[in-house]
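So that the names make sense, note that chain A is the first sequence line, chain B the second, and so on, each numbered from 1.
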Amino acid sequence: MAEKDVILEFLASKSAVKSKFYFKDFSDLFPEKGPREVKKVLTQLVKDEVLEFWSSGSTTMYGLKGAGKQSHTEGED
Amino acid sequence: MAFISSGYRPEKPMEGRISDIGPHKYDSYFPPVIAENFGKWLYHEILEPGVLMHVAEGGAKVYTVRVAGTRTMSITHIREVCDIADKYCNGFVRWTTRSNIEFMTDSEETLAALKADLATRKFDGGSFKFPLGGTGAGVSNMIHTQGWVHCHTPATDASGPVKCVMDAVFDDFQNMRLPAPVRISLACCINMCGAVHCSDIGVVGIHRKPPMIDHEWADQLCEIPLAVAACPTAAVRPTKVEHDGKKVNTIAVKADRCMYCGNCYTMCPAMPIADAEGDGVIIMVGGKVSNRISKPKFSKVVVGYIPNEPPRWPSLTKTIKHILDVYATDAQKYERLGDWAERIGWQAFFEKTGLQFTHHLIDDFRDPAYYTWRQSTQFTF
Amino acid sequence: MAKHATPMLDELEKGPWPSFVSDIKQEAAHRAANPNGLDYQIPAEAPEDLLGVLELSYEEKETHWKHGGIVGVFGYGGGVIGRYCDQPEKFPGVAHFHTVRVAQPAGKYYSTKFLRDLCDLWDLRGSGITNMHGSTGDIVLLGTQTPQLEELFYELTHKMNVDLGGSGSNLRTPAACLGQSRCEYACYNTQDMCYQLTMDYQDELHRPAFPYKFKFKFDGCPNGCVCAMARSDFAVVGTWKDDIKIDQEQVKAYAAGELKPNAGAHAGRDWGKFDLQAEVVDRCPGHCMKWDGAKLSIDTKHCVRCMHCINTMPRALHIGDERGASILVGAKAPVVDGAQMGSLLIPFIDCSAPYDDVKEVIEKIWDWWMEEGKNRERVGETMKRLSFQKLLEVTDTEAAPYHIVQPRTNPYIFFKEEEVPGGWERDIKQFRERHQR
């Protein structure tokens with residue numbers, strides 16, 4: 001399976017519970033790959049408008065674009 | 001309002017996009033005397049509070065006028081800074097780490113004119129726009145955080161208490177009578193995005209009540225697992241409660257584990273933490289960052305709670321002014337506030353300052369606490 | 001006429017210290033007058049409503065801001081902090097009020113041209129309120145709405161040639177003291193190292209892949225004006241190895257009271273005649289100085305480079321010529337387990353451009369922390385959890401007494417198997433030949 005699909009499948013499997021994940025949650029999906037390689041995949045998915053960032057200000061998470069509860073309550077969608 | 005496009009096309013975000021270009025290079029905006037003498041400075045002297053003279057190997061001199069800036073600043077004010085810099089400093093100006101503004105010139109005449117000009121500038125409300133000071137063995141500008149002006153987890157305001165404290169110690173901003181420099185800082189909650197933990201005097205906003213939980217809205221506003229994961233002490237857990245006859249998914253907080261950091265509120269707007277009665281500030285003293293004489297050290301809590309008293313925070317300012325005055329009277333030359341407290345001992349610190357010692361001041365948070373208890377029979381009666 | 005009555009905030013216009021309330025009021029007046037006829041892209045009353053919501057907080061003693069998850073511009077994972085007002089109907093001008101961090105030049109020297117351009121941009125597309133500067137060092141533009149974020153970024157990058165700063169689990173905007181630009185104590189070019197590393201690590205600054213935030217700060221000497229060793233995960237603090245340079249004639253001039261000691265820093269009080277023995281020699285933490293009334297000598301072997309003597313007699317004493325920096329790792333503010341100061345890792349490192357030696361250490365630490373760090377764990381906490389020895393190992397640094405204040409007081413040494421002759425696999429049968437059951 002392509003790396004992109006592994007990530008999307010992971011996100012789909014968790015979608016009932018949460019929509020945002022730390023970088024580490026993704027690097028754990030690819031134990032044989034270093035963090036820098038995983039970062040490249042995620043960066044491309046952001047560029048392709050599949051994923052987007054979410055930040056608490058001090059930390060950052062990744063999620064599917066438009067997913068989650070908070071973006072609706074902020075009236076930004 | 002008609003939307004004015006910069007040229008950006010939202011449907012093609014990557015088209016012509018410029019990214020990763022970083023800041024401007026540091027030497028783009030050096031005044032000529034700085035550019036010419038880079039790396040050749042020989043010595044400096046504080047000519048008077050707020051005025052520095054640096055002398056280079058070849059004899060070149062630059063005079064620096066340091067004035068207070070407020071961290072929260074309007075563009076009208078910045079434009080006035082620019083007017084001054086254009087008139088006296090060839091269009092250059094710099095800011096310091098502690099939010100002071102520095103005007104530089106290589107001419108003594110310009111220095112005199114600049115000082116005279118700055119002294120006349122006041123806000124309509126009466127305060128100085130550009131008071132000189134913040135040099136040598138005095139109080140420099142306070143670094144601080146956002147507070148009620150812009151933050152979602154503050155336990156106090158920042159700009160307001162800073163204004164009040166600096167009004168109270170203004171003489172020491174403009175004088176150099178203290179035994180050593182005194183750095184005062186304020187962080188509006190324990191997360192300390194302003195990192196005040198090594199200040200001579202640090203003011204820290206604290207909450208004293210765990211977050212409330214809006215059960216009706218928790219599951220609609222929040223992703224509960226994210227709120228759970230955000231808690232640094234594992235005090236937050238998912239739960240279900242009866243609300244209006246319905247079972248709803250929500251959150252529970254174990255109150256005695258909560259350290260009131262507000263991280264859960266960041267992730268979940270259904271867990272507000274602000275509370276007028278619960279919130280307030282503590283005072284920490286004796287930290288330093290410089291390696292001069294003694295090693296860098298952390299500030300210690302000497303006042304466990306002062307309520308928020310807007311608009312002028314009288315108890316806070318009075319206490320800080322008092323600590324400063326006792327220190328100024330009792331410390332030896334070169335002793336930072338923490339060096340003084342350590343030389344006389346913390347027992348004597350509380351005696352001399354008259355600050356009330358309470359059990360809140362004894363560390364009980366995890367491992368480091370033990371090392372702060374007295375393991376000795378050496379103490380005074 | 002002000003939109004909201006602000007009797008409590010008005011109290012903050014009194015007193016000598018510059019009043020941020022007066023300042024926001026003058027911005028409100030500026031926007032109401034709109035002298036340049038701008039078509040304001042966010043509500044003109046933003047400063048008015050900022051005062052209004054702040055007055056409400058002063059009455060109620062509670063904040064009225066909510067966090068928002070907006071992160072940055074397209075492709076960036078930092079640089080913008082989302083903020084919403086929880087009373088948007090009362091204060092529509094600040095209902096959406098996001099912060100934009102703009103990268104500052106190292107040392108914070110500006111031209112008025114740059115500042116005026118920035119003010120013009122923020123006049124049109126933001127509230128007109130800023131922070132000069134945020135705690136980490138960025139220029140902070142305080143308060144705009146989501147549709148303006150990309151427009152601001154486009155104008156910043158296309159017209160002003162400047163980028164956003166960092167936020168979130170990124171490399172944060174690095175900061176430096178003013179260094180050699182105007183300080184005789186600077187042991188290396190702090191601004192250049194800050195600039196070069198910022199440029200080299202743009203990807204780490206804009207696209208988060210760290211367990212948590214990571215800060216670089218660059219101090220030119222042990223006086224520590226940007227507080228690197230208290231505030232940054234990776235602190236580079238200037239130092240030197242050889243003798244402090246002494247100009248004996250100037251020393252005598254200080255001793256005779258002809259020069260102002262401490263560069264005049266104590267001029268606000270009569271501390272009596274300068275006493276070189278008591279004020280300098282006796283206070284030296286290395287006890288390495290001698291003054292015989294005519295000659296000052298320093299035993300370099302015992303000098304800990306605390307800067308006191310140099311600070312006290314800046315015309316007589318100067319930093320040595322064999323210059324570089326010490327690297328201290330792992331400082332952070334208290335949350336959660338308490339504040340940490342940077343711990344000394346590398347006592348002396350070459351600081352000449354292009355800073356490959358420094359970058360090598362940084363990258364080794366990142367590789368380790370990105371693998372081993374837990375979510376929301378600063379590198380200082382990873383060090384505490386996995387040991388200082390582990391940090392030494394991943395950075396190929398040999399343990400030495402300068403790494404510690406004292407050796408361990410417990411006997412629980414974790415030996416590696418290869419450190420013990422014969423390893424850990426032993427033959428129980430052979431043992432039983434010597435010992436009964």
Worksheet item: Can you say whether B:P179 sits under 4.5 Å from chain C via the side chain, the backbone, both, or neither, judging by heavy atoms?
Response: both

Practice prompt. Identify the heavy atoms of B:D167 and C:G15 that sit nearest to each other, and give their distance.
Written response: OD1-C, 3.5 Å

Discussion item. Do C:T312 and B:Y334 make a side-chain contact, defined as non-hydrogen atoms from C-beta onward lying under 4.5 Å apart?
Written reply: yes

Item to complete: Examine whether an atom of B:F298 lies under 4.5 Å from a heavy atom of chain C, and if so say whether it belongs to the side chain, the backbone or both; otherwise answer neither.
Response: both

Worksheet item: What is the distance from atom CG of C:D192 to atom CZ of B:F38, rounded to the nearest 0.5 Å?
Response: 7.0 Å

Fill in: Max heavy-atom pair count under 4.5 Å with chain C, selected residue of B:T72, B:V81, B:N175, B:T70
B:T72

Worksheet item: With a 4.5 angstrom heavy-atom cut-off, which part of C:E59 approaches chain B: side chain, backbone, both or neither?
Response: neither

Item to complete: Report yes if the side chains of C:L9 and B:P311 come closer than 4.5 Å at any heavy-atom pair, otherwise no.
Response: no

Item to complete: Mind ranking C:E13, C:H318, C:E11, C:H266 by heavy-atom pairs under 4.5 Å with chain B and telling me who comes out on top?
Response: C:H266

Item to complete: May I ask you to name which of C:V226, C:T198, C:D123 has the most heavy-atom pairs under 4.5 Å with chain B?
Response: C:D123

Worksheet item: Measuring heavy-atom distances to chain C, does B:L52 have an atom under 4.5 Å in its side chain, in its backbone, in both, or in neither?
Response: side chain

Practice prompt. State, with a plain yes or no, whether a side-chain heavy atom of C:R182 is found less than 4.5 Å away from one of B:M104.
Written response: yes

Discussion item. Working to the nearest 0.5 angstrom, can you tell me the gap between B:E80 CD and C:Q26 CD?
Written reply: 6.5 Å

Discussion item. Need one label for B:S159: side chain, backbone, both or neither, based on atoms under 4.5 Å from any heavy atom in chain C.
Written reply: both

Worksheet entry | Shortest non-hydrogen contact between C:V162 and B:P23, atoms and distance | CG2-CA, 4.3 Å

Practice prompt. Look at B:F92, B:F173, B:F130, B:F170 and state which one has the largest set of heavy-atom pairs under 4.5 Å with chain C.
Written response: B:F170

Fill in: Main-chain N/O of C:G107 paired to B:R94 side chain as donor or acceptor, under 3.5 Å
yes

Discussion item. Do C:E184 and B:L42 have side chains that approach each other closer than 4.5 Å (heavy atoms only, starting at C-beta)?
Written reply: no

Discussion item. I need the residue from B:V289, B:I293, B:V93, B:N308 with the largest number of non-hydrogen atom pairs under 4.5 Å to chain C.
Written reply: B:I293

Fill in: Spacing of CE belonging to C:M229 relative to CG belonging to B:N291, to within rounding of 0.5 Å
5.0 Å

Item to complete: Sort B:K122 into side chain, backbone, both or neither according to what part of it lies under 4.5 angstrom from a heavy atom of chain C.
Response: neither

Practice prompt. For each of C:D120, C:T173, C:N375, tally heavy-atom pairs with chain B at distances under 4.5 Å, and name the one with the top tally.
Written response: C:D120

Worksheet item: So how far is it from B:R71 CZ to C:T130 OG1, rounded to the nearest 0.5 Å?
Response: 10.0 Å

Practice prompt. Assess the side chains of B:R17 and C:T157: does a donor N or O sit below 3.5 Å from an acceptor N or O?
Written response: no

Worksheet item: Which heavy atom in C:A265 sits nearest to a heavy atom in B:G136, and how many Å separate them?
Response: CB-CA, 3.6 Å

Worksheet item: Could you give the distance from NZ (C:K61) to CG (B:D279), rounded to the nearest 0.5 Å?
Response: 9.5 Å

Worksheet item: With only heavy atoms counted, which part of C:C183 is less than 4.5 Å from chain B, the side chain, the backbone, both or neither?
Response: backbone

Discussion item. Shorter than 4.5 Å, heavy atoms on both sides: which option in B:T145, B:N191, B:I273, B:I143 has the most such pairs with chain C?
Written reply: B:N191

Worksheet entry | chain C contact via B:E48 - which portion, at a heavy-atom distance below 4.5 Å | neither

Practice prompt. Could you check if a side-chain atom of C:V335 sits within less than 4.5 angstrom of a side-chain atom of B:M192, using non-hydrogen atoms only?
Written response: no

Worksheet item: Counting distance only, does the side-chain N/O of B:K163 pair as donor-acceptor with the main-chain N or O of C:K14 below 3.5 Å?
Response: yes

Item to complete: Measure B:M53 against the heavy atoms of chain C and call it side chain, backbone, both or neither at under 4.5 Å.
Response: neither

Discussion item. To check you understand the geometry: which heavy-atom pair defines the closest contact between C:W65 and B:V149, and what is its length?
Written reply: NE1-O, 3.2 Å

Worksheet item: If you count heavy-atom pairs under 4.5 Å between each of C:K332, C:K260, C:E60 and chain B, which one has the most?
Response: C:K260

Response to the item:
Okay, B:H44 and chain C: the region with an atom under 4.5 Å from a heavy atom over there is both

Discussion item. Whether the side chain of B:W41 engages the backbone of C:S181 through a donor-acceptor N/O pair (distance < 3.5 Å, no angle test) should be reported.
Written reply: yes

Worksheet item: Taking C:S135, C:A103, C:A263 one by one, which has the highest count of heavy-atom pairs under 4.5 Å against chain B?
Response: C:A263

Item to complete: Could you verify whether a donor N or O on one side chain and an acceptor N or O on the other, from B:D27 and C:Y195, lie under 3.5 Å apart?
Response: no

Worksheet item: What distance separates C:F153 CZ from B:S19 OG, expressed to the nearest 0.5 Å?
Response: 6.0 Å

Discussion item. Classify the ring geometry of B:W95 against C:H133: parallel below 30°, tilted from 30° to 60°, perpendicular beyond 60°.
Written reply: perpendicular

Practice prompt. Can you tell which part of B:C261 gets under 4.5 Å to a heavy atom of chain C, answering side chain, backbone, both or neither?
Written response: neither

Item to complete: Sequence neighbours left out, what passes side chain to side chain contact (heavy atoms under 4.5 Å, CB included) with C:N223? Give chain and number order.
Response: B:S290, B:R292, C:Y185, C:C221, C:M307, C:N311

Discussion item. Between B:E102 and chain C, with a heavy-atom cut-off of 4.5 Å, which part of the residue counts as in contact: side chain, backbone, both or neither?
Written reply: side chain

Item to complete: Below 4.5 Å from any heavy atom of chain C, which atoms of B:P368 appear? Answer side chain, backbone, both or neither.
Response: side chain

Practice prompt. Taking the side chain as every heavy atom from C-beta outward, state whether C:F74 and B:P10 have any pair of such atoms under 4.5 Å apart.
Written response: no

Fill in: Ring centres under 6.0 angstrom apart (C:Y110, B:H24)
no

Worksheet entry | Nearest heavy atoms of C:M132 and B:M73, plus distance in Å | CG-SD, 4.1 Å

Worksheet item: With sequence neighbours excluded, what pairs up with C:T99 under the side-chain hydrogen bond (donor to acceptor under 3.5 Å, both in side chains) test?
Response: B:H150

Item to complete: Would you mind reporting whether C:E151 and B:S5 have side-chain heavy atoms less than 4.5 Å apart?
Response: yes

Worksheet item: By a 4.5 Å heavy-atom criterion (distance strictly below it), what part of B:T96 contacts chain C: side chain, backbone, both, or neither?
Response: backbone

Item to complete: Could you tell me which portion of C:C225 (side chain, backbone, both or neither) has an atom closer than 4.5 angstrom to a non-hydrogen atom of chain B?
Response: backbone

Discussion item. Would you say CG of B:D124 has more than 12 non-hydrogen atoms from neighbouring residues, nucleotides or ligands within 6.0 angstrom?
Written reply: no

Item to complete: Please tell me if the side chains of C:W17 and B:N141 come closer than 4.5 Å, counting only heavy atoms from C-beta onward.
Response: yes

Response to the item:
Looking only at heavy atoms, the pair that brings B:S74 and C:I129 closest together is CB-CD1, 4.2 Å

Discussion item. Which one wins on heavy-atom pair count under 4.5 Å against chain B: C:R125, C:M199, C:M8, C:Q41?
Written reply: C:Q41

Discussion item. Under a 3.5 Å distance rule, please check whether C:Y154 uses its side chain to pair with a backbone N or O of B:I18 as donor and acceptor.
Written reply: no

Worksheet item: Are more than 12 heavy atoms from other residues, nucleotides or ligands located less than 6.0 Å from atom NZ of B:K25?
Response: yes

Discussion item. Can you tell me which portion of B:D157 sits under 4.5 Å from chain C's heavy atoms? Options are side chain, backbone, both or neither.
Written reply: side chain

Worksheet item: Quick one: what part of B:A328 sits under 4.5 Å from any heavy atom of chain C, side chain, backbone, both or neither?
Response: both

Worksheet entry | Test item: B:S127 side-chain N/O and C:S19 main-chain N/O as donor-acceptor pair under 3.5 Å | yes

